[in-house]
**Student:** 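The structure is given below, and queries will be raised subsequently.
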Amino acid sequence: MSPIISTGTLQTGVAGRRASFFMPVDFTGWGARFVIGRKQPKRRFTILTLLVLTGLSAAVAGYWKAFIDEPPTHKISAYERAMPWHSTTAQVGPNRVTIELIARNDRDGSISIEDGRGHNLSKRQPQRLLALTQAAAWLDVVQVELSPDMDALDILEIRVFDHARRQLLSEIDGLYGWRLLPGNILELYGLGRRLPDELDLWFRAHSYPKDDPVSLLSPTGGGAVALPGGSLVVSDIRPGTWDADSSVGFTKGHGQTKTDTSAIFEFRGNWQAGRYQIYAVTRERRKSHPSFPHFLDCSVGGSWHAISFDLPMEDILHFELRPFGGRHRVLFEAVKLPKLTGGTFKSPPAATAQITGQEINETLPQFHPLEVRVSTHRGIVANGTYTNGMHAGVIQSDQVIDADTATTFQYHVLGVHDIPWQFLFQESASGQWLPETGLAGGRSGRGAASACGAHVGFLYFNTPLERIEAVELTIPSL
């Protein structure tokens, strides 16, 4: 484009005299520039310049997102500043953790399967089909299938948040809950109510390389296993929770002898293993990772460790040791659940357990996929409850009180945070159904505790076990 010439006159400061001038105005650049006397050269941008500027912009944006800009979850302590992943795959240590599918039942028993981002996966098949269909009328059930399996990914803790409210489901409503099942299947529940449309799924997990060595250690006094530089020995193991001192060993017990196990491990040799972790394994392949220590490093922390495990001693098949898996924090944000078509929830089922004057310990299939286990005991055997946020249990007394004149009834639920149970006991002689106060003879008591996806409790009353024929469990209208 040729410059446009502007002309005019200029006052010279001498009376009666004016001078002519001309001004080229160049519009060929990014804006109009007024230049006296000569035309400016045109500015040119090459492809290389554009690529450099694009790369620089991306680098600045990445730096801002990584080091300056904070996700909203970083301001909420329960998220523990876990970096959110907005896809269905997250890089966790040496493994890529993937949401393989999300399946959900509807009130008519139909099942929807999606990928967590609203895309249909109708050709896929969920692993726990019966759990989705059997309880559809009264329980909202969602299955989240994750990979890899537990051999490469150990999920230690799960937190499920309502994405819109940024709040734990268990804090919003005690009738929400979840639990982790073998194969790294996360199952979510809403008892008589719908789960939120979008969830934030938070995990704490160990992630292992495929060729990770695993060493087995017998859960008996004197059991030993070779590790780089020497061997790790079980110098003592006992039921319950114990205080310990490195000079004398166990010093004081704290009960829970039927729910926990304590062991003292000593390393003999010159530790060369780096960070190793230890956990207990049951015959059903359930793993119990200790809350402390997170890992063993006998070159730094000493060669002596007293560790407690959240398992009865008789349930432990062996201990496993392997290089430390990192305790990574993982957050899948705004995971979409398959939408429901409608329909209302029916009342939950009821169940009756036959006692016939005997001590029982059984699981009630009527409430599947929730795991509801009940037990009866002669005498008063419960000494309170405990919870640490992840687990809950009934503390068992070391001594039985009034074995011939009293009864203890216990219940343990996995899957929902809190259920307002109603219990009726059938009297053997009359066939009448009575609350525990009707059998108590003036003496009764109870206790309960909840954790994320667990609810436990007990009743005791001044009635011989032989007097009780059955117990009925019902859940009132929700």
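Note that these values count all heavy atoms, side chains included, but never hydrogens, waters or copies made by symmetry. Keep in mind that what you see is a predicted model, and the values were worked out from it rather than measured.
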**Student:** Which pair of heavy atoms, one from Asp418 and one from Leu175, lies closest together, and at what distance?
**Tutor:**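 Here Asp418 and Leu175 meet closest at O-CD2, 3.0 Å.
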**Student:** Regarding Arg165 and Asp200, does a basic nitrogen lie under 4.0 Å from an acidic carboxylate oxygen?
**Tutor:**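 No, this pair does not count.
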**Student:** Do the side chains of Ile475 and Leu191 get nearer than 4.5 Å, heavy atoms only?
**Tutor:**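 Side chain of Leu191 against side chain of Ile475, heavy atoms only: contact under 4.5 Å found.
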**Student:** Can you check whether Ala449's main-chain N or O pairs, donor with acceptor, with Thr387's side chain at less than 3.5 Å?
**Tutor:**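 Judged by distance alone, no pair lies under 3.5 Å.
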**Student:** Compute the ring centroids of Tyr411 and His455, then answer whether they are less than 6.0 Å apart.
**Tutor:**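 For Tyr411 and His455, the ring centres are under 6.0 Å apart.
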**Student:** Spell out, as yes or no, whether a donor-acceptor pair under 3.5 Å connects the side chain of Asn120 to the backbone of Ser122.
**Tutor:**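 Flag set: sc Asn120 to bb Ser122 pair under 3.5 Å.
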**Student:** Take a 6.0 Å sphere around NZ of Lys287 and say whether it holds more than 12 heavy atoms from other residues, nucleotides or ligands.
**Tutor:**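 Counting other residues, nucleotides and ligands, NZ of Lys287 exceeds 12 neighbours.
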**Student:** Can you check salt bridge (Lys or Arg N to Asp or Glu O under 4.0 Å) on Arg124 and Asp115, steps first, answer last?
**Tutor:** CA-CA 10 Å; Arg124 301 285 298 274; Asp115 67 349; over 6 Å; no
**Student:** Does Asp173 pair with Arg193 as a salt bridge, N-O distance under 4.0 Å?
**Tutor:**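 Between Arg193 and Asp173 there is a salt bridge, with a charged N closer than 4.0 Å to a carboxylate O.
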**Student:** Quick test of your reading of the model: are Glu371 and Arg179 salt-bridged, counting only N-O distances below 4.0 Å?
**Tutor:**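 A salt bridge links Glu371 with Arg179.
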**Student:** Check whether the ring centres of Phe319 and Phe265 lie less than 6.0 Å apart, and answer yes or no.
**Tutor:**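 Yes, close enough.
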**Student:** Taking Thr73 for its side chain and Tyr79 for its backbone only, find out whether a donor-acceptor pair lies under 3.5 Å.
**Tutor:**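 Not confirmed, Thr73 side chain does not pair with Tyr79 backbone.
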**Student:** Fit a plane to each ring of His289 and His206, take the angle between them on a 0 to 90° scale, and name the class: parallel (under 30°), tilted (30 to 60°) or perpendicular (over 60°).
**Tutor:**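 The rings of His289 and His206 sit tilted, inter-plane angle from 30° to 60°.
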**Student:** Tell me, please, which residues at least two apart from Glu359 pass salt bridge (Lys or Arg N to Asp or Glu O under 4.0 Å).
**Tutor:**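 Salt bridge (Lys or Arg N to Asp or Glu O under 4.0 Å) check on Glu359 returns nothing, list empty.
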**Student:** Do we see a donor-acceptor contact under 3.5 Å between the side chains of Asp154 and Tyr208?
**Tutor:**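 Present: a donor and an acceptor within the cut-off.
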**Student:** Test your reading of the model: is there a side-chain donor-acceptor pair from Asp106 to the backbone of Leu340, 3.5 Å cut-off?
**Tutor:**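 No, Asp106 side chain to Leu340 backbone: no donor-acceptor pair under 3.5 Å.
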**Student:** Please state whether the rings of Phe324 and Phe295 are parallel, tilted or perpendicular, taking 30° and 60° as the class boundaries.
**Tutor:**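 Tilted: the ring planes of Phe324 and Phe295 meet at 30° to 60°.
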**Student:** For residues Glu100 and Gln127, is any side-chain donor paired with an opposing acceptor at under 3.5 Å?
**Tutor:**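 Per modelled atom types, Glu100 and Gln127 side chains form no pair under 3.5 Å.
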**Student:** More than 12 non-hydrogen atoms from neighbouring residues, nucleotides or ligands closer than 6.0 Å to CZ on Arg275, yes or no?
**Tutor:**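 Not buried by this count: 12 neighbours or fewer within 6.0 Å.
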**Student:** Please tell me whether Gln366 and His368 have a donor and an acceptor in their side chains that are separated by less than 3.5 angstrom.
**Tutor:**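 Short answer, no.
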**Student:** Is there a donor-acceptor pair closer than 3.5 Å between any side-chain N or O of Ser375 and the backbone N or O of Asn361?
**Tutor:**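 No; judged by distance alone, with no hydrogens or angles, the pair does not exist.
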**Student:** Can you check side-chain hydrogen bond (donor to acceptor under 3.5 Å, both in side chains) on Gln396 and Gln410, steps first, answer last?
**Tutor:** CA-CA 11 Å; Gln396 307 295 319; Gln410 297 183 12; 3.1 Å; yes
**Student:** Any luck finding a side-chain donor-acceptor pair between Tyr189 and Glu187 under 3.5 Å?
**Tutor:**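 Yes - a donor-acceptor pair under 3.5 Å links their side chains.
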**Student:** Taking atom CG as the centre, does Asp197 end up with more than 12 heavy-atom neighbours from other residues, nucleotides or ligands that are less than 6.0 angstrom away?
**Tutor:**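 No, because the 6.0 Å sphere around CG of Asp197 holds 12 heavy atoms or fewer from other groups.
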**Student:** Give me the atom names and distance for the closest heavy-atom approach of Tyr460 to Ile380.
**Tutor:**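 Closest approach of Tyr460 to Ile380, heavy atoms only: CD1-CD1, 3.7 Å.
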**Student:** Centroid separation under 6.0 Å, is that true for the rings of Trp421 and Phe367?
**Tutor:**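 Aromatic pair counts; centres sit under 6.0 Å.
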**Student:** After noting the C-alpha distance and the side-chain angles of Arg378 and Glu466, does the key distance pass the salt bridge (Lys or Arg N to Asp or Glu O under 4.0 Å) rule?
**Tutor:** CA-CA 9 Å; Arg378 284 185 175 84; Glu466 285 73 17; 2.9 Å; yes
**Student:** What distance do Leu101 atom CG and His119 atom NE2 have between them, rounded to the nearest 0.5 Å?
**Tutor:**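 Output value for this atom pair is 15.0 Å.
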**Student:** Quick check against the 3.5 Å criterion: does Gln91 have a side-chain atom that pairs as donor or acceptor with the backbone of Gly93?
**Tutor:**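 Here the side-chain-to-backbone pair exists.
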**Student:** How long is the span from the OG1 atom in Thr98 to the CG atom in Leu146, to the nearest 0.5 Å?
**Tutor:**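 Spacing of OG1 (Thr98) from CG (Leu146) equals 8.5 Å.
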**Student:** Tell me whether Glu80 is salt-bridged to Arg159, with the criterion being a basic N under 4.0 Å from an acidic carboxylate O.
**Tutor:**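 Yes, Glu80 and Arg159 are salt-bridged.
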**Student:** Where is the tightest heavy-atom contact between Asn184 and Leu153, given as atom of each residue plus distance?
**Tutor:**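 Nearest pair, atom of Asn184 first, then Leu153: ND2-O, 3.1 Å.
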**Student:** Output yes when Glu157 and Arg327 qualify as a salt bridge under the 4.0 Å nitrogen-oxygen rule, no when they do not.
**Tutor:**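 Looking at Glu157 and Arg327, the cut-off is not met.
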**Student:** Between the main-chain N or O of Glu472 and the side-chain N or O of Thr352, is there a donor-acceptor pair closer than 3.5 Å?
**Tutor:**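 No, because the side chain of Thr352 does not come within donor-acceptor range (under 3.5 Å) of the backbone of Glu472.
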**Student:** So does Arg322 pair up with Asp212, basic N to acidic O under 4.0 Å?
**Tutor:**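 Result for this pair is yes, salt bridge flagged.
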**Student:** Determine the minimum heavy-atom distance between Phe309 and Ile278, stating which atoms define it.
**Tutor:**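 Residues Phe309 and Ile278, closest heavy atoms: CE2-O, 4.4 Å.
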**Student:** If you apply the rule side-chain hydrogen bond (donor to acceptor under 3.5 Å, both in side chains), what do you find for His318 with Glu320, and how did you get there?
**Tutor:** CA-CA 7 Å; His318 59 250; Glu320 288 186 359; 3.1 Å; yes
**Student:** Is the closest side-chain donor-acceptor distance between Ser87 and Thr89 under 3.5 Å?
**Tutor:**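 Absent: no donor and acceptor within the cut-off.
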**Student:** Counting N and O atoms only, with roles assigned by atom type, does the side chain of Arg373 sit under 3.5 Å from a partner on the main chain of Glu362, one being a donor and the other an acceptor?
**Tutor:**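 Here the side-chain-to-backbone pair does not exist.
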**Student:** If only side-chain N and O atoms count, and only distance matters, is there a donor-acceptor pair under 3.5 Å linking Ser262 with Ser308?
**Tutor:**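 Yes, a side-chain donor-acceptor pair sits under 3.5 Å.
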**Student:** Tell me the closest heavy-atom pair linking Ala136 and Leu132, and the distance in Å.
**Tutor:**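 Shortest heavy-atom separation between Ala136 and Leu132 comes out as CB-O, 3.9 Å.
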**Student:** State, with a plain yes or no, whether a side-chain heavy atom of Val225 is found less than 4.5 Å away from one of Leu321.
**Tutor:**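 Yes, at least one pair of side-chain atoms sits under 4.5 Å.
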**Student:** With a 6.0 Å cut-off on ring centres, are Phe409 and Phe425 close enough?
**Tutor:**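 Distance test on ring centres: under 6.0 Å, yes.
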**Student:** Report yes or no: do Thr241 and Asp260 form a side-chain donor-acceptor pair below 3.5 Å?
**Tutor:**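 Short answer, yes.
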**Student:** Could you give the distance from CD (Gln432) to CG (Leu424), rounded to the nearest 0.5 Å?
**Tutor:**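 Gln432 atom CD to Leu424 atom CG measures 11.5 Å (nearest 0.5 Å).
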**Student:** Does Trp242 have Arg238 sitting over its ring (NZ/CZ under 6.0 Å from centre, angle to axis within 45°)?
**Tutor:**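 Yes, a cation-pi geometry holds between Arg238 and Trp242.
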**Student:** Classify the side-chain pair Tyr176/Asp162 by whether it contains a donor and acceptor separated by less than 3.5 Å.
**Tutor:**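 No, no side-chain donor-acceptor contact under 3.5 Å.
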**Student:** In terms of side-chain geometry, is the basic nitrogen of Glu427 or Arg467 positioned less than 4.0 Å from the acidic oxygen of its partner?
**Tutor:**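 Answer for the salt bridge query: yes.
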**Student:** Look up atom CZ in Arg194 and atom CG in Asp140, then write down how far apart they are to the nearest 0.5 Å.
**Tutor:**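 It is 7.5 Å, given to the nearest 0.5 Å.
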**Student:** Which pair of heavy atoms, one from Ala135 and one from Pro369, lies closest together, and at what distance?
**Tutor:**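 Taking every non-hydrogen atom into account, CB-CD, 3.7 Å.
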**Student:** Under a 4.5 Å cut-off applied to non-hydrogen side-chain atoms, are Thr376 and Gln358 in contact?
**Tutor:**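 With C-beta onward as the side chain, the pair stays apart.
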